[in-house]
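Reminder, nothing fancy here: chain letters follow the sequence lines and each chain counts from 1. Please read all numbers here as calculations on a predicted model, not as lab measurements.
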Amino acid sequence: MTDSLRFATWNVNSARARVDRICAWLEKTGTDVLAIQETKCRDDQFPAERFTELGYEVSHHGANQWNGVAILSRIGLDDVQIGFPGQPEWQGTESVEPRAIAATCAGITWWSLYVPNGRTLEDPHYPYKLEWLAALARNAEQWLADDPTASIALTGDWNIAPLDEDVWDIAVFEGATHVSAPERDAFARFTEIGYQDVVRPLAPGPGVYTYWDYTQLRFPKRQGMRIDHVLTTPALAERITDAHIDRDERKGKGASDHAPVVVDIAR
DNA sequence: ATGCCTCCAGGATGGAGA
């Protein structure tokens, strides 16, 4: 029993291809709760037993080979929420994509979010991304209004670099998604309603990233993006004792293109 | 050195990621 709990979020880029690495990482780091994005599988394909063997409870939400989110917890996993009220549907479909799941673990509601990519500024996925974020913000604002002392974390792959220093060369991203003003405004909305980025103060940039493209030697060249974030309510922010990005996990054969983002929370 | 992309479905190669 330590005096702090370890929570994390990680876009694993396939749960099935990454399960050995995920298990090794959980054991090595002593992580209590992990939000996973891009599991890329159906519920029946998710390697849940690999995690239950290690003492974790598991909740997964997936539909096919795209998206997919999960929560693992070894300190209790209650009140699972699949998606959020008003979560937009992708156009032309009648189903909501599996991009959001939450569970309450030791009194902390930990969301695993996979924000739509956007693709290009002209693509229909771009307004979808903005609508998705606005709908999430409306819920997040209401949760805090309902209980100003709530311990809620919005974690995952936001697909937004909030500051110019969050990409290795802002000139390269001229006219691209992830850095556009509407996306940054959509992200800033969460701080306006009271949520705080609890990682940046403890892992300041420049040159601090959570994602490196597989191509063009982006990782060894240190050419990455900070697009995975942990935003919390004020009551939870007060309990953060440490935070870091586990850059080493991006190394080696079989790595995800994202690194885990880790937050330590006082009991 | 941290190293030239990887995942999925399908059964070849193309879509998606960012």
Side-chain angles (χ1 to χ4, degrees), chain A residues 9-22 24-25 28 36-47 60-70 90-93 97-99 112-130 132-133 156-184 186-187 207-229 244-261:
Chain A
T9 182
W10 189 8
N11 180 325
V12 300
N13 183 21
S14 172
R16 286 174 291 174
R18 213 73 61 212
V19 62
D20 289 345
R21 273 189 87 127
I22 297 168
W25 186 84
K28 179 182 70 176
I36 299 176
Q37 300 87 42
E38 282 211 88
T39 62
K40 292 188 170 180
C41 64
R42 301 186 304 268
D43 291 345
D44 64 285
Q45 297 173 311
F46 187 73
H60 177 260
H61 175 41
N64 48 40
Q65 68 269 45
W66 295 295
N67 315 303
V69 285
W90 170 238
Q91 62 175 213
T93 67
E97 292 182 316
R99 294 179 175 275
S112 180
L113 304 167
Y114 182 42
V115 176
N117 176 289
R119 302 190 184 184
T120 70
L121 300 185
E122 296 76 30
D123 194 287
H125 287 87
Y126 181 72
Y128 170 56
K129 178 180 192 175
L130 296 177
W132 202 95
L133 288 161
D157 180 357
W158 291 73
N159 274 318
I160 297 173
L163 303 179
D164 285 359
E165 71 171 33
D166 294 333
V167 297
W168 80 92
D169 182 359
I170 191 63
V172 172
F173 291 84
E174 178 72 31
T177 58
H178 295 64
V179 300
S180 74
E183 288 163 281
R184 287 177 170 179
F187 186 81
V208 175
Y209 309 123
T210 65
Y211 163 86
W212 299 260
D213 197 299
Y214 284 124
T215 67
Q216 297 181 267
L217 289 170
R218 293 299 188 209
F219 182 63
K221 289 179 178 173
R222 298 181 175 269
Q223 297 177 334
M225 306 170 74
R226 189 202 290 254
I227 55 175
D228 301 87
H229 308 287
H244 70 277
I245 298 160
D246 193 350
R247 187 180 181 282
D248 284 351
E249 185 54 38
R250 179 62 179 79
K251 298 177 180 176
K253 185 173 176 62
S256 171
D257 41 4
H258 294 252
V261 180

Basic-acidic side-chain contact under 4.0 Å: Arg226(A), Asp166(A):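 A salt bridge is present here (some side-chain N lies under 4.0 Å from a carboxylate O).
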Note: Asp248(A)-Lys28(A) ion pair, threshold 4.0 Å (strictly below):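 Here Asp248(A) does not pair with Lys28(A) in a salt bridge, since their nearest N and O are not under 4.0 Å apart.
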Proximal nucleotide (of dA18(B), dC8(B), dT2(B)) relative to the Asn159(A) side chain: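 It is dA18(B).
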Closest to the Arg222(A) side chain, choosing from dT2(B), dA9(B), dA18(B):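 When the side chain of Arg222(A) is considered, dT2(B) is the closest of dT2(B), dA9(B), dA18(B).
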Under 4.0 angstrom between Asn13(A) side-chain N/O and dT6(B) OP1 or OP2: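 For dT6(B), neither OP1 nor OP2 has a side-chain N or O of Asn13(A) closer than 4.0 Å.
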N/O (side chain, Tyr114(A)) to phosphate O (OP1/OP2, dA18(B)) under 4.0 Å: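 It does, given that an N or O in the side chain of Tyr114(A) lies less than 4.0 Å from OP1 or OP2 of dA18(B).
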Scan [X] against the nucleic acid and name what it touches under 4.0 Å (heavy atoms): base, sugar-phosphate only, or nothing.
{"X": "Arg119(A)", "value": "sugar-phosphate"}
{"X": "Asp157(A)", "value": "sugar-phosphate"}
{"X": "Gly252(A)", "value": "sugar-phosphate"}
{"X": "His258(A)", "value": "sugar-phosphate"}
{"X": "Ser14(A)", "value": "sugar-phosphate"}
{"X": "Arg18(A)", "value": "sugar-phosphate"}
{"X": "Arg218(A)", "value": "nothing"}
{"X": "Asp257(A)", "value": "nothing"}

Separation of the C1' atoms in dG10(B) and dG14(B), to the nearest angstrom: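 Straight-line distance between the two C1' atoms is 11 Å.
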Centroid-centroid under 6.0 Å between Trp132(A) and Tyr114(A) rings: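 No.
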With Gln37(A), the side chain to side chain donor-acceptor pair (under 3.5 Å) member among Thr9(A), Asp228(A), Asn11(A):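 Testing each of Thr9(A), Asp228(A), Asn11(A) against Gln37(A), the sole residue satisfying side chain to side chain donor-acceptor pair (under 3.5 Å) is Thr9(A).
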